[in-house]
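The figures here come from the full heavy-atom set of this structure, side chains too, leaving out hydrogens, waters and symmetry mates.
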Amino acid sequence: MTRLSKCITLGLVTGFLGLIIGLLPFGLYLEEHIGLDLLFTLRGPRQPPNDVVIVSLDKQSADFLGFSDDYRKWPRRLHAQLIEVLHHEGAAVIVFDILFDESRSPDDDKALSAAIQEAGNVVLCCFLKTERMTIAAERGTSTRVVQTVELVPPIRPFYDTSAAIAPFPIPKIPYKVSQYWTFKQDAGDAPTLPVVAFQIYSMDAYTDFIGLIKKVNQTQISYAMPDHPKASHPQDIDRFIRETRGIFFQDQAIGENILKELDRSGLMRDSPTLYRKVKSLIRMYRSPPSLYFNFYGPPQTVTTIPYYQALQNYGKGLKPPGSISLKDKAVFVGHSPRFQHEQKEMFFTVFSQSSGLDLSGVEIAATGFANLLEDVHIEPPSIAVLGALLFFWGAGIGIVSRLLPVIPSISAVIGLSIAYLVIVLNLFTRTGLWYPLVIPLFVQSPLAMLGAFLWTFIEENKERRNIGKALEYYLPNDLVDKLAKNISAFNLPRQLVYGICLWTDAEQYTALSEQMNPQELADFMNRYFQILFDPVKKHGGAISNVVGDSVLAVWVAPQPNAELRKQACSAALDITDAIIRFSQSADLPLLPTRIGIHSGHILLGNVGAIDHYEYRPIGDIVNTATRIEGINKFLKTRILASSEVVYQVEGIITREIGSFIPVGKSIALNLHELICRFDHATQTQIDGCAIFVSALKNFRMRQWQEASEKFLESIKCFSRDGVSDFYLDLCRLYQQNPPGDSWDGVIHLERK
């Protein structure tokens with residue numbers, strides 16, 4: 001895959017994952033209960049409209065008036081007095097979030113009924129009663145369960161005198177309040193308390209509103225509502241609202257056409273206040289049956305007046321300077337406590353306090369009304385818009401995450417996420433538009449970054465393995481492991497270690513190369529090197545360098561190690577045996593191989609310049625190993641090792657062959673020939689080694705004749721012994737020309 005195709009692939013995966021998760025119930029739940037809360041929290045409280053006031057039945061008022069904390073038991077004559085005060089102050093609509101479903105004192109009930117009738121703009125709360133009924137199906141062969149919903153109104157005197165009644169059921173899914181019903185569908189599209197209250201509040205806009213409907217809707221209108229609710233019955237308001245709602249839903253285009261007609265009417269120019277009311281009415285009737293609250297803030301954010309102050313101050317004309325005017329206001333009356341322990345009902349919202357204080361029912365109702373008045377509900381995107389947003393955001397984030405390196409991609413995704421959050425929060429604050437946060441920012445963005453990281457990691461890991469596999473042909477395994485993990489290991493400082501260097505050289509290579517064409521020679525040498533490499537790797541060594549027909553193998557350790565030296569010696573013996581078997585089995589030219597082994601401290605590191613480096617051991621140990629290998633030519637041996645190598649090595653038969661100073665060296669090397677493993681040795685070989693050691697001793701003592709005789713015996717034991725032949729020649733030479741008195745038995749080699 002190309003880089004671009006990888007970016008697009010990750011983008012598509014991230015986009016589709018976000019799309020699927022975001023449209024599932026679980027994703028929608030996350031957005032409503034986490035994303036929406038986060039937007040409200042970041043936005044903070046906002047100013048509610050001045051047209052909405054709450055008169056609170058609270059403990060402070062109960063204590064002041066001397067009544068029970070249970071506001072439902074307060075005498076109804078108090079409510080009658082309150083209505084008279086509010087009516088006198090010019091309240092546009094008075095809404096009671098109190099159930100009057102039982103008769104009390106006849107005098108109090110009569111007084112309250114009269115006050116409600118006199119005001120003419122009082123909306124009372126009713127409740128929905130749900131029942132399950134089992135009915136028989138056709139022919140009585142089976143039954144089915146039917147759920148019925150019935151509006152239970154206040155007692156008759158209050159119902160008949162009120163301007164309207166309405167329920168206000170509040171959905172808690174599963175426990176938090178975030179929406180409310182404008183029209184309760186399972187109750188026959190019954191309008192709820194905020195809708196009814198807003199319709200009565202907007203009576204001054206009734207004529208303009210009806211005129212617009214008649215102008216756009218060509219069907220005959222069979223209903224009418226009095227110009228003032230005092231002249232109407234609660235059923236009139238209910239019928240009007242239901243039928244108006246029906247008109248808007250018979251043709252979805254009507255609402256849009258009415259809004260266009262409103263803009264052309266000039267009402268905005270002549271009366272902005274009426275224009276806003278009419279527009280809000282149109283939006284209310286064409287709205288879905290449930291809307292999201294656009295909360296204003298914590299409890300008491302909506303202007304709240306204690307019940308006793310409304311009676312004492314407004315009722316007696318004792319309003320302090322700067323007090324709130326109630327003229328043309330929507331006044332909601334209900335229980336609105338200031339402290340958690342005073343709560344009678346609890347509605348958990350995003351603005352519930354850490355103290356446990358929640359919004360009360362009357363505050364929830366007032367919030368719904370205020371949202372209708374301002375036409376500023378929270379508007380979630382449609383499924384199509386939500387799906388498109390999640391897909392394209394995920395696709396973009398996925399492409400960016402894969403296109404850039406890890407650190408820049410993280411920075412880019414964080415930057416884009418912050419920009420997205422700022423834009424979404426700005427739209428939410430200014431217009432109430434609610435776009436998702438949780439899925440894009442906390443699911444898709446991390447998934448995109450994680451996916452890009454894992455994909456890059458897998459590719460790099462695969463690339464490291466490929467590089468490691470390739471490097472294994474050229475570098476030691478331990479270095480390959482370091483480089484595979486961190487390519488900067490090429491710049492590691494050189495390491496001083498204890499090492500054993502094994503150098504090989506093939507005899508007759510020059511003659512062989514003249515007889516073969518380059519391809520044949522290359523194939524043959526590859527097979528030859530395999531014969532050499534296998535024993536080295538088997539015994540824990542590493543191939544450090546290959547030059548022509550020669551190979552350098554190394555074994556390294558922090559400190560001198562007898563076991564490591566034994567491994568190198570074993571590898572040398574196996575190489576010799578393997579080459580013999582290879583030549584015999586393949587019917588190929590024999591390529592005898594000489595081996596020199598030396599040990600000591602070496603430096604491991606990069607050697608080279610500009611753009612070409614080699615990783616190999618550095619030091620005299622390497623050079624000495626090559627010189628030891630070269631001594632094999634003179635002694636006609638196969639494997640020579642220094643005394644430092646064979647020291648404390650057990651299980652291998654060796655024989656000391658003397659001290660030598662190669663050309664270019666100044667320090668004598670005490671050398672040993674590796675014969676075979678102890679368990680493979682014959683008695684003749686063991687005896688021959690003993691004879692040779694004795695002969696060498698005579699040689700060093702200048703006993704030329706005795707040494708010569710024993711060297712001849714050694715030749716008989718080994719059938720053919722180049723070392724003994726070498727010393728026989730020296731004995732003859734020294735018999736004729738004895739060395740000087742300073743001679744110490746060390747042999748100086750004059751050529752390589």
Results of salt bridge (charged side-chain N to carboxylate O under 4.0 Å, His left out) for D108 - residues two or more places apart only
R77

Under a 3.5 Å cutoff, is there a donor and acceptor pairing between the side chains of R43 and N426?
no

Should we say atom CG of N50 is surrounded by more than 12 heavy atoms from elsewhere, each under 6.0 Å from it?
no

Quick one, N371 and L291 - any side-chain contact, counting heavy atoms below 4.5 Å?
no

Strictly below 4.0 Å, N to O, side chains only: are E256 and R286 in salt-bridge contact?
yes

Output yes when R239 and D236 qualify as a salt bridge under the 4.0 Å nitrogen-oxygen rule, no when they do not.
yes

Any sub-3.5 Å donor-acceptor pair from Q81's side-chain atoms to L311's backbone N or O?
no

Evaluate the side chain to side chain contact (heavy atoms under 4.5 Å, CB included) criterion for residues W434 and L36: first the C-alpha distance (whole Å), next the side-chain angles of each, then the deciding distance (0.1 Å), finally the verdict.
CA-CA 7 Å; W434 165 29; L36 185 57; 3.9 Å; yes

Can you tell me if Q444 uses its side chain to pair, donor with acceptor, with the backbone of L390 under 3.5 Å?
yes

Report yes if the side chains of K214 and F209 come closer than 4.5 Å at any heavy-atom pair, otherwise no.
no

Suppose the criterion is ring pair (Phe, Tyr, Trp, His ring centres under 6.0 Å): which pairs have a residue in residues 243-282, not counting sequence neighbours?
F248-Y285

The test is side chain to side chain contact (heavy atoms under 4.5 Å, CB included); show your working for I170 and W181 and say whether it passes.
CA-CA 7 Å; I170 302 176; W181 283 293; over 6 Å; no

Which of L82, V122, D97 passes side chain to side chain contact (heavy atoms under 4.5 Å, CB included) with V333? Answer is L82

Show the nearest heavy-atom pair for residues G432 and N294, with the distance to one decimal.
CA-ND2, 4.3 Å

Contacts of Y435 that satisfy side chain to side chain donor-acceptor pair (under 3.5 Å) - sequence neighbours left out
none

The criterion is salt bridge (charged side-chain N to carboxylate O under 4.0 Å, His left out); which residues satisfy it with D328, sequence neighbours excluded?
none

State yes or no: are the ring centers of Y292 and Y180 separated by less than 6.0 Å?
no

By the ring pair (Phe, Tyr, Trp, His ring centres under 6.0 Å) test, which pairs, at least two apart or in different chains, include something from residues 185-205?
F198-F369, Y201-F369

For F240 and Y206, I'd like to know if the aromatic rings sit close, meaning centre-to-centre distance below 6.0 Å.
yes

By side chain to side chain donor-acceptor pair (under 3.5 Å) - contacts of S417 (at least two apart):
S445

How are the rings of F158 and F100 set relative to one another: parallel (under 30°), tilted (30 to 60°) or perpendicular (over 60°)?
perpendicular

F295 CZ to T349 OG1 distance, which is reported to the nearest 0.5 Å:
5.0 Å

Write down the atom of A166, the atom of P191, and the distance for their closest heavy-atom approach.
CB-O, 3.8 Å

Quiz question: by atom type and distance under 3.5 Å, do the side chains of S352 and D358 form a donor-acceptor pair?
yes

I'd like to check the side chain to side chain donor-acceptor pair (under 3.5 Å) partners of T367; sequence neighbours left out, ordered by chain and number.
none

Value rounded to 0.5 Å, distance of CG in L433 from NE2 in H377:
13.5 Å

F428 and F40: ring pair (Phe, Tyr, Trp, His ring centres under 6.0 Å), yes or no, with the steps?
CA-CA 9 Å; F428 182 82; F40 273 121; 5.2 Å; yes

With no hydrogens and no angle check, is any side-chain donor or acceptor of S336 less than 3.5 Å from a backbone partner on S56?
no

Should M268 and D263 count as side-chain neighbours, where that means a heavy-atom distance under 4.5 Å?
no

Under a 3.5 Å threshold, yes or no: a donor from one side chain and an acceptor from the other, between Q60 and R338?
yes

Side chain to side chain donor-acceptor pair (under 3.5 Å) with D189: which residues, sequence neighbours excluded?
none

Residues at least two apart in sequence or cross-chain that pass side-chain contact (heavy atoms from CB on, under 4.5 Å) with S61, listed by chain then number, are D58, W74, P306, Y307, Y308

When rounded to the nearest 0.5 Å, the distance separating NZ of K327 from CD of E89 is 10.0 Å

Looking at P440 and W393, what are the two nearest heavy atoms and their distance?
O-NE1, 3.1 Å

Between V123 and A197, what is the shortest heavy-atom contact and its length?
CG2-CA, 4.4 Å

With side chains defined as the heavy atoms from C-beta onward, is the minimum distance between I258 and K215 less than 4.5 Å?
no

Return yes if a side-chain donor-acceptor contact under 3.5 Å exists between E32 and S178, otherwise no.
yes

Start with the C-alpha gap between H335 and V362, add the side-chain angles, then the distance that decides, and say whether side chain to side chain contact (heavy atoms under 4.5 Å, CB included) holds.
CA-CA 7 Å; H335 177 60; V362 70; 5.9 Å; no

Could you pull out all residues at least two apart from R269 that satisfy salt bridge (charged side-chain N to carboxylate O under 4.0 Å, His left out)?
none

How many angstroms lie between CD1 in I282 and CD in E261, if you round to the nearest 0.5 Å?
10.0 Å

Say whether, by atom type as modelled, one donor and one acceptor occur between the side chain of S113 and the main chain of K110 under 3.5 angstrom.
no

With side chain to side chain contact (heavy atoms under 4.5 Å, CB included) as the criterion, how do L274 and D204 come out once you've worked through the C-alpha distance, each side chain's angles and the decisive distance to 0.1 Å?
CA-CA 8 Å; L274 280 180; D204 55 342; 3.8 Å; yes

For the backbone of E374 and the side chain of S280, can you confirm whether one donor and one acceptor N or O come within less than 3.5 Å of each other?
no

Heavy-atom closest contact (R46 atom, T301 atom, distance)
O-CG2, 4.1 Å

Can you give me the closest heavy-atom contact between L99 and C125, atom names plus distance?
CD2-O, 3.5 Å

Which residues satisfy the salt bridge (charged side-chain N to carboxylate O under 4.0 Å, His left out) test with R72, sequence neighbours excluded?
D70

Does any N or O in the side chain of S162 come within less than 3.5 Å of the main-chain N or O of I116, such that one atom is a donor and the other an acceptor?
no

Atom CG of L39 and atom CD of E31: how far apart are they, to the nearest 0.5 Å?
8.5 Å

Could you tell me whether D109 and R76 make a salt bridge, using a distance below 4.0 angstrom between a side-chain N and a carboxylate O?
yes

From S360 atom OG to L57 atom CG, the distance as rounded to the nearest 0.5 Å:
10.0 Å

Answer yes when K329 and D51 have at least one side-chain N-carboxylate O distance shorter than 4.0 Å, and no when they do not.
no

Does any part of the side chain of F67, heavy atoms only, come nearer than 4.5 Å to the side chain of K73, both counted from C-beta?
no

Do M284 and L281 have side chains that approach each other closer than 4.5 Å (heavy atoms only, starting at C-beta)?
yes

State which residues pass ring pair (Phe, Tyr, Trp, His ring centres under 6.0 Å) with F168; sequence neighbours excluded, sorted by chain then number.
none

